[in-house]
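Read the structure below first, then the notes.
Keep in mind that this is a model prediction, so the values were computed, not measured. So you know, we letter chains A, B, ... as the sequences are listed, proteins then strands, and number each from 1.
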There are 2 protein chains.
Amino acid sequence: MTAPRGSVKGIKGPATLEDVAREAGVSRALASLVMRQKPQVSEERRARVLAAATKLGYRPNAIARSLASRRSSTVGVLLNDLHNPFFAEIYDGIEQVARRRGYRILLSTGGRSRAREEAALEAFLESRVDGLILVSTLLTEAKINQAASMAPVALVSRTSRSPVVDSVLTDDVLGAELAVAHLIELGHRRIVHIDGGRNPGSRPRRKGYERAMDAAGLKRLVISGDFSESGGAEAAGRLLALAETTTAVLTSNDMAAAGVMDRLAEAGYSIPGDISVVGYDNTSLAQMRQVNLTTINQPRGEMGRLAMQAVLERIEGGRTKAVSHVTTPTLVVRGSTGPAPGSS
Amino acid sequence: MTAPRGSVKGIKGPATLEDVAREAGVSRALASLVMRQKPQVSEERRARVLAAATKLGYRPNAIARSLASRRSSTVGVLLNDLHNPFFAEIYDGIEQVARRRGYRILLSTGGRSRAREEAALEAFLESRVDGLILVSTLLTEAKINQAASMAPVALVSRTSRSPVVDSVLTDDVLGAELAVAHLIELGHRRIVHIDGGRNPGSRPRRKGYERAMDAAGLKRLVISGDFSESGGAEAAGRLLALAETTTAVLTSNDMAAAGVMDRLAEAGYSIPGDISVVGYDNTSLAQMRQVNLTTINQPRGEMGRLAMQAVLERIEGGRTKAVSHVTTPTLVVRGSTGPAPGSS
DNA sequence: CCTCCTCCTGAGAGCGCTCTAATCTTGCTC
DNA sequence: GAGCAAGATTAGAGCGCTCTCAGGAGGAGG
């Protein structure tokens with residue numbers, strides 16, 4: 001038994017506003033006003049239209065609505081990696097605001113590939129999203145600016161010199177400094193930084209490390225890595241091969257830190273007995289007791305919320321001046337850091 | 001300096017197909033044929049249209065296209081929890097097929113709340129998605145069937161008696177049996193199951209546990225839990241309070257297993273020395289050396305791919321008979337399981 | 001009882017594109 | 001060179017909705 005679709009004659013799709021209006025005995029325009037909850041409709045008519053809509057199982061066609069109103073009420077969100085729990089919480093913040101304000105979210109992932117991010121961006125633009133949130137994107141400035149000429153853009157965890165793009169970031173220089181200060185306080189002197197390669201956010205973290213090390217008069221050593229577990233493990237391998245005596249490692253994200261810890265443990269080092277490890281992001285991963293990682297927290301939910309709000313301010317509020325929200329990172333001490341060996 | 005949008009007169013938006021056609025000196029219909037890569041167009045005209053499109057920076061309006069063609073080329077994907085890495089990989093599989101076949105994905109998360117899932121479903125339907133993939137959804141059969149009357153639906157990790165809905169699942173009964181068999185082989189006799197509460201997939205896993213225990217003539221003990229770390233920890237707490245002597249715990253997902261391990265370790269038990277723990281899903285979490293969890297693998301990427309293919313078969317192939325793909329789980333032995341204490 | 005205002009209501013013109021049906025070209029055949 | 005099939009191109013009618021605007025219904029004021 002197939003469910004009867006729509007109403008009266010022949011093969012008709014879902015009920016349209018026209019059908020509802022006819023059923024209620026009013027004009028299509030009036031029915032439209034009711035569906036959009038406009039005030040200038042008499043209670044009696046409103047009730048009649050609503051009843052008709054329910055009777056016919058009417059469901060507004062968002063596509064037609066978008067075409068006619070020239071607004072899609074949709075914001076495109078581009079995450080570069082769904083697997084990183086860091087992004088899930090940013091998404092939560094975005095989603096929360098979107099839901100409250102009646103916006104839909106079109107989500108895409110770049111899969112850590114620039115080409116795929118470009119394709120996703122193009123798809124967003126074709127879908128005529130009203131706004132765009134690019135999280136830790138790999139896109140070039142040029143592409144971002146081009147997109148910004150079509151719809152408001154907010155960047156998360158990525159800076160931009162563009163005057164037409166909003167951004168939400170954490171003071172990563174400070175974050176890294178916090179981490180290094182913590183290690184120094186624990187007596188560490190040989191502190192290595194495994195950086196995040198070309199990922200956005202990687203550079204300021206390295207800079208914070210360098211600045212803090214310089215300020216303390218300590219020798220810097222940076223090993224290149226990336227934002228993944230395997231990248232961290234691989235970098236740790238290279239660190240071990242250097243035969244440098246190191247007592248602490250600052251990584252540039254938690255996943256990389258987990259990889260580093262793996263590799264070090266495998267090589268027989270005890271953490272934090274022999275080597276202390278600090279991550280970055282305070283993802284759910286770091287919070288797990290088995291990982292128990294000292295790390296730098298970024299207020300992710302808040303960041304997502306700020307980004308969505310920034311976009312909405314441009315869409316609905318007409319703001320045109322770029323804003324940049326810089327949130328403050330905090331140090332979260334857990335079990336992966338301890339006194340430097342030999343320092344009483 | 002604001003970027004000039006579109007072309008000629010006044011405040012015009014982005015270039016339209018009409019503009020392109022005019023620029024190329026052909027009809028709108030012809031330009032449309034070119035944009036849709038239809039073959040019946042002479043090379044000369046095709047090139048002219050393409051050149052005009054490039055010149056004007058034309059970008060097809062997906063909304064207008066959807067309205068006119070009555071297909072959105074979009075599939076809605078509802079994940080119930082973005083934080084569970086299990087879902088990220090299913091999404092990868094879905095996305096991979098979607099990309100290859102030219103479909104967009106509209107993603108929503110239910111946030112583990114049925115009300116929010118219902119709202120998300122409604123939004124999908126209003127957006128006139130061509131198909132729907134519900135992953136481990138909390139939605140009622142009635143809602144699912146109603147949705148299925150509007151667009152093809154595929155369920156992942158959730159069964160349905162409905163004859164109009166496709167489903168992709170893992171043989172969870174077998175999975176749990178595999179886990180129990182493994183534990184028995186290691187000499188365990190007192191094996192407790194911490195189940196997944198009302199989450200889809202939880203029931204067959206419990207059934208597999210019960211069946212395997214019965215078959216071995218062992219006493220069953222099920223403690224209710226859920227699919228989260230905190231739920232696992234909490235259930236482990238209740239297990240400890242029972243003062244039962246237990247040597248092995250089978251949880252119903254990896255996150256819960258991590259919570260269980262936390263709680264047990266905190267209570268002074270060594271894993272797997274005193275108690276063995278088995279998870280379920282083989283998420284990236286289980287693979288981490290720090291967690292190193294013996295677990296049951298589900299072919300997630302494959303499951304996502306199958307779901308997307310099933311939906312496409314209905315959209316494009318016109319299939320109407322329901323299919324149900326059952327994938328085979330496998331046991332992945334890691335460090336969280338070992339011989340039962342006392343069994344040589 | 002008529003005018004002016006304030007509210008409502010309904011007609012109609014699109015939004016940018018697809019798609020069917022009709023028209024126009026060509027290239028062949030005989 | 002007429003006749004015609006096959007291929008290339010175009011006109012035109014929507015898809016379902018929003019939105020502007022003219023016009024109608026009441027009520028207050030004169």
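As rounded to whole Å, 10 Å separates atom P of C:dT25 from atom CZ of B:Arg45. Rounding to whole angstrom units, CZ of residue B:Arg28 and P of D:dG12 are separated by 10 Å. One atom, CD of A:Glu18, and another, C1' of C:dA11, lie 12 Å apart when rounded to the nearest Å. To the nearest angstrom, P of C:dG14 lies 20 Å from CD1 of B:Ile63. If you measure from atom CD of B:Gln40 to atom C1' of C:dT23, you get 15 Å, rounded to the nearest angstrom. The separation between A:Lys38 atom NZ and C:dC7 atom C1' is 16 Å, rounded to whole Å.
Dashed line: the shortest gap from a side-chain N or O of B:Thr16 to OP1 or OP2 of C:dG16 is not under 4.0 Å. For A:Ser32, a side-chain nitrogen or oxygen approaches OP1 or OP2 of D:dT18 to under 4.0 Å. Note on B:Arg36: a side-chain N or O is less than 4.0 Å away from OP1 or OP2 of C:dC19.
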Candidate pair B:His325 and B:Asp166, rule side chain to side chain donor-acceptor pair (under 3.5 Å), full reasoning: CA-CA 8 Å; B:His325 294 285; B:Asp166 299 326; over 6 Å; no
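The closest side-chain heavy-atom distance from A:Val156 to A:Leu169 is not below 4.5 Å. Under the 4.5 Å side-chain criterion, counting only non-hydrogen atoms from C-beta, B:Arg116 is in contact with B:Thr109.
In terms of the side chain to side chain donor-acceptor pair (under 3.5 Å) criterion, residue partners of B:Ser324 (sequence neighbours excluded) are, by chain and number, B:Ser167.
Interface residues of residues 64-76 of chain A facing DNA chain C, ordered by number: A:Leu67, A:Ala68, A:Arg70; criterion, heavy-atom separation under 4.0 Å.
Shortest non-hydrogen contact noted between B:Arg36 and B:Arg65 is CG-NH2, 4.4 Å.
Between D:dT18, D:dT9, C:dC17, one nucleotide has an atom nearer to the side chain of A:Leu17 than all others, and that is D:dT18.
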Identify each donor-acceptor pair in which a side-chain atom of residues 46-55 of chain A lies under 3.5 Å from a protein atom, sequence neighbours left out, and give them as a table.
{"unit_1": "A:Arg46", "atom_1": "NH2", "unit_2": "A:Lys38", "atom_2": "O", "d": "2.8"}
{"unit_1": "A:Arg48", "atom_1": "NE", "unit_2": "A:Ala24", "atom_2": "O", "d": "3.0"}
{"unit_1": "A:Arg48", "atom_1": "NH1", "unit_2": "A:Glu44", "atom_2": "OE2", "d": "2.6"}
{"unit_1": "A:Arg48", "atom_1": "NH2", "unit_2": "A:Ala24", "atom_2": "O", "d": "3.3"}
{"unit_1": "A:Thr54", "atom_1": "OG1", "unit_2": "A:Leu50", "atom_2": "O", "d": "2.8"}
{"unit_1": "A:Lys55", "atom_1": "NZ", "unit_2": "A:Glu23", "atom_2": "OE2", "d": "2.7"}

